[in-house]
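This report refers to the structure that appears directly beneath it.
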Amino acid sequence: MPPGKVLQPVLKMKVDELFLYWLSEASTQRMLQDCLRRIKAPGRDQPTAGDGEQPGAWPTAPLAAPRPSGLEPPGTPGPGPALPLGAASSPRNAPHARGTRRSAGTRVVQTRKEEPLPPATSQSIPTFYFPRGRPQDSVNVDAVISKIESTFARFPHERATMDDMGLVAKACGCPLYWKGPLFYGAGGERTGSVSVHKFVAMWRKILQNCHDDAAKFVHLLMSPGCNYLVQEDFVPFLQDVVNTHPGLSFLKEASEFHSRYITTVIQRIFYAVNRSWSGRITCAELRKSSFLQNVALLEEEEDINQLTEFFSYEHFYVIYCKFWELDTDHDLLIDADDLARHNDHAISTKMIDRIFSGAVTRGRKVQKEGKISYADFVWFLISEEDKKTPTSIEYWFRCMDLDGDGALSMFELEYFYEEQCRRLDSMAIEALPFQDCLCQMLDLVKPRTEGKITLQDLKRCKLANVFFDTFFNIEKYLDHEQKEQISLLRDGDGGGPELSDWEKYAAEEYDILVAEDTAGEPWEDGFEAELSPVEQKLSALRSPLAQRPFFEAPSPLGAVDLYEYACGDEALEPL
């Protein structure tokens, strides 16, 4: 739904819904059948002319004259509910009605026994919507609570500190690194410990209301009154990962990097999980993602770099070093000129302008000062180096959709291709005419609607990266031109698990950065020192970073302000 548009109720749909509900009631069905029977044979249970009733009037039970014994026709139904206005006989038709009643009074009518009506259709539809997970009858809440109480009994005064929450998490049946959310969800950050009574009350409520891991995780981290997660909600959880995961133990001596790593992971979480681009992760989005599976793997995998989807330190190292290279004035913000230098000016200026137009960024600082933060750069770099993922396709589609109508017109494609042609001419390379290029792209994408390319067309296409690079990345466009389309498809259809374009890029760049940093370092005792990502860049980055920290140094509780530099005081709140 476009921003600013308010949902309006449709009165007709509500009226139809209420009418169908009324029509499905058993009493309504009986009334309608009785009325239909009276319409088909109006004289069978109407009073005769000698009964003293006005023609066309239906008798009621208290006013009906009693009949002599034995004159009541057997099987004659009693008085029914009044018909709607206009269905009864009018005085104008009285003579015909009177004659009909006299002939019917001398016959014995045998009525068909009414069969019970089937239950309303709505009553037979099982519940199919479970926003907090499908309830499970197999969960024994009392047994889980008893196990938790036994675990707390091992702690002094039956109070658990943050260091004890690993055992508590296992007693709850949760992965190890849920210990942070469990501790903060029970209010442990206020007193430094959690009592058994307070934790049991909190966990019992969660078990009764949240029936799957996604709902439980959201409930533990969300702010009061919310049913979703924003970026700040992940900070305490990730701070605990930084403090306790063995694969990040080297960061204990480089606390100034904690907030940068946390910011990177949070942006990657929202990049992959928040498919609605709302800035709010719901239970449904978390349930559809692989984030909770990766959280469970933190316990099993000691090498944090093996968890490449969210937590890899090597990936953070590459992203931050790339940002640091562009941020020449080290104000922790980059403008259009800084971003244009990425990959040796490979991206066209028109696309750079679109990135700074607010199509894919948050906050007023971009529009007001023409600068983007490190958080925005994380989205840009991942989208630039891997244009095959759904989020990256949406990212570049938003940038190319100049008028925001949800489709790329031929005019918009030509607008971006003009600069590509000028850049090719400056390199003494003959550019393909736009009409020929357009034919190639239409054959590549195969849009379902002639004359425009939609987002679904590009997601359905396996070579969306070739399409985008053709219009705004000159270096990658020339690389694609040197390959045949068949080889491109073969690269994308390799059998077995394959590294994504982003994973390939991050691995190559990390090796290059490590080689550059170790090239000038002397060996000690004839052995090369162990490569530590922090030690490699720490000496070069510690002094300038200390002058202006990227974020305030996080407290043990992980109080990191994600928007202090990204948005400023006048910035918009997360959508």
Side-chain angles (χ1 to χ4, degrees), residues 260 263-264 267-268 271 314-363 365-366 369-389 391-400 416-417 419-420 422-424 426-427 464-480 500-517 537 540-541 544 550 565-566:
R260 298 154 179 77
T263 302
T264 306
Q267 299 308 315
R268 297 194 66 182
Y271 187 91
E314 292 181 357
H315 289 194
F316 152 71
Y317 185 72
V318 170
I319 296 172
Y320 190 74
C321 287
K322 289 296 179 181
F323 178 81
W324 188 258
E325 292 173 1
L326 298 179
D327 185 20
T328 55
D329 56 0
H330 303 313
D331 63 347
L332 301 169
L333 296 169
I334 57 176
D335 56 20
D337 295 334
D338 295 330
L339 188 61
R341 292 187 292 103
H342 174 71
N343 198 16
D344 196 18
H345 297 270
I347 301 178
S348 66
T349 57
K350 290 183 178 180
M351 181 52 67
I352 295 293
D353 293 340
R354 283 295 296 164
I355 293 174
F356 281 81
S357 68
V360 289
T361 53
R362 293 182 179 277
K365 186 173 289 293
V366 176
E369 302 180 7
K371 294 183 178 182
I372 62 175
S373 66
Y374 173 68
D376 296 319
F377 181 79
V378 174
W379 283 62
F380 162 78
L381 187 62
I382 297 177
S383 299
E384 164 60 17
E385 299 304 331
D386 190 353
K387 298 185 176 73
K388 297 179 181 178
T389 63
T391 304
S392 64
I393 294 175
E394 293 168 3
Y395 185 97
W396 296 116
F397 184 88
R398 285 173 173 236
C399 290
M400 294 189 68
F416 288 100
Y417 190 70
E419 184 174 353
Q420 294 288 78
R422 290 196 300 268
R423 301 185 69 179
L424 290 173
S426 65
M427 300 168 62
N465 58 323
V466 178
F467 173 85
F468 288 126
D469 291 334
T470 300
F471 292 101
F472 57 81
N473 192 309
I474 194 69
E475 295 294 335
K476 294 185 178 181
Y477 169 68
L478 294 176
D479 291 342
H480 296 320
S500 65
D501 289 350
W502 164 251
E503 292 172 336
K504 296 176 184 176
Y505 169 82
E508 294 172 359
E509 290 296 324
Y510 183 78
D511 291 341
I512 293 173
L513 291 171
V514 170
E516 290 176 351
D517 291 331
K537 277 287 183 181
L541 298 182
F550 185 66
Y565 292 97

As an exercise, state the distance from [atom1] of [X] to [atom2] of [Y], rounded to the nearest 0.5 Å.
| X | Y | atom1 | atom2 | result |
| --- | --- | --- | --- | --- |
| I474 | D479 | CD1 | CG | 10.5 Å |
| C321 | E516 | SG | CD | 9.5 Å |
| I347 | F472 | CD1 | CZ | 7.0 Å |

[X] versus [Y]: any side-chain heavy-atom pair under 4.5 Å?
| X | Y | result |
| --- | --- | --- |
| I355 | C399 | yes |
| Q267 | I319 | no |
| K371 | D331 | yes |
| L381 | F323 | no |
| F468 | I393 | yes |
| N473 | M351 | no |
| Y374 | T264 | yes |

With [X] via ring pair (Phe, Tyr, Trp, His ring centres under 6.0 Å) - residues at least two apart:
| X | value |
| --- | --- |
| F467 | F471 |
| Y271 | W379 |
| Y395 | none |

Non-hydrogen atoms of [X] and [Y] that approach each other most closely:
| X | Y | answer |
| --- | --- | --- |
| V318 | A506 | CG2-O, 3.6 Å |
| R423 | A346 | NH1-O, 3.3 Å |
| S373 | L333 | CA-CD2, 3.8 Å |
| D469 | Y477 | O-CB, 3.4 Å |

- All salt bridge (Lys or Arg N to Asp or Glu O under 4.0 Å) counterparts of K322, not counting sequence neighbours: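 If we apply the salt bridge (Lys or Arg N to Asp or Glu O under 4.0 Å) test to K322, skipping adjacent residues, the hits are E509.
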- Message: Among residues at least two apart in sequence or on other chains, which ones pass salt bridge (Lys or Arg N to Asp or Glu O under 4.0 Å) with E385?
- Response: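 K476.
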- What's the verdict on side chain to side chain contact (heavy atoms under 4.5 Å, CB included) for T361 and F356, showing C-alpha distance, side-chain angles and the deciding distance? CA-CA 7 Å; T361 53; F356 281 81; over 6 Å; no
- Task: Enumerate the residue pairs fulfilling salt bridge (charged side-chain N to carboxylate O under 4.0 Å, His left out) with a member in residues 334-347, sequence neighbours excluded, ordered by first and then second residue.
- Result: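 For residues 334-347: D338-R341.
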- Task: With sequence neighbours excluded, give me every salt bridge (charged side-chain N to carboxylate O under 4.0 Å, His left out) pair touching residues 348-357.
- Result: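 Non-adjacent pairs meeting salt bridge (charged side-chain N to carboxylate O under 4.0 Å, His left out): K350-E418.
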- By side-chain contact (heavy atoms from CB on, under 4.5 Å) - contacts of A507 (at least two apart):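 With sequence neighbours excluded, A507 shows a side-chain contact (heavy atoms from CB on, under 4.5 Å) to no residue whatsoever.
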Of all residues at least two apart in sequence or in a different chain, which pass the side chain to side chain donor-acceptor pair (under 3.5 Å) check with [X]?
| X | result |
| --- | --- |
| T470 | none |
| E419 | T349 |
| D501 | none |
| R268 | H315 |

- Item | Criterion side chain to side chain contact (heavy atoms under 4.5 Å, CB included) on F377 and L339, from CA distance to verdict | CA-CA 9 Å; F377 181 79; L339 188 61; 4.1 Å; yes
- Give a yes or no answer on whether the side chain of D327 reaches the backbone of I334 with a donor-acceptor pair at less than 3.5 Å.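 Between the backbone of I334 and the side chain of D327 there is no qualifying donor-acceptor contact (under 3.5 Å).
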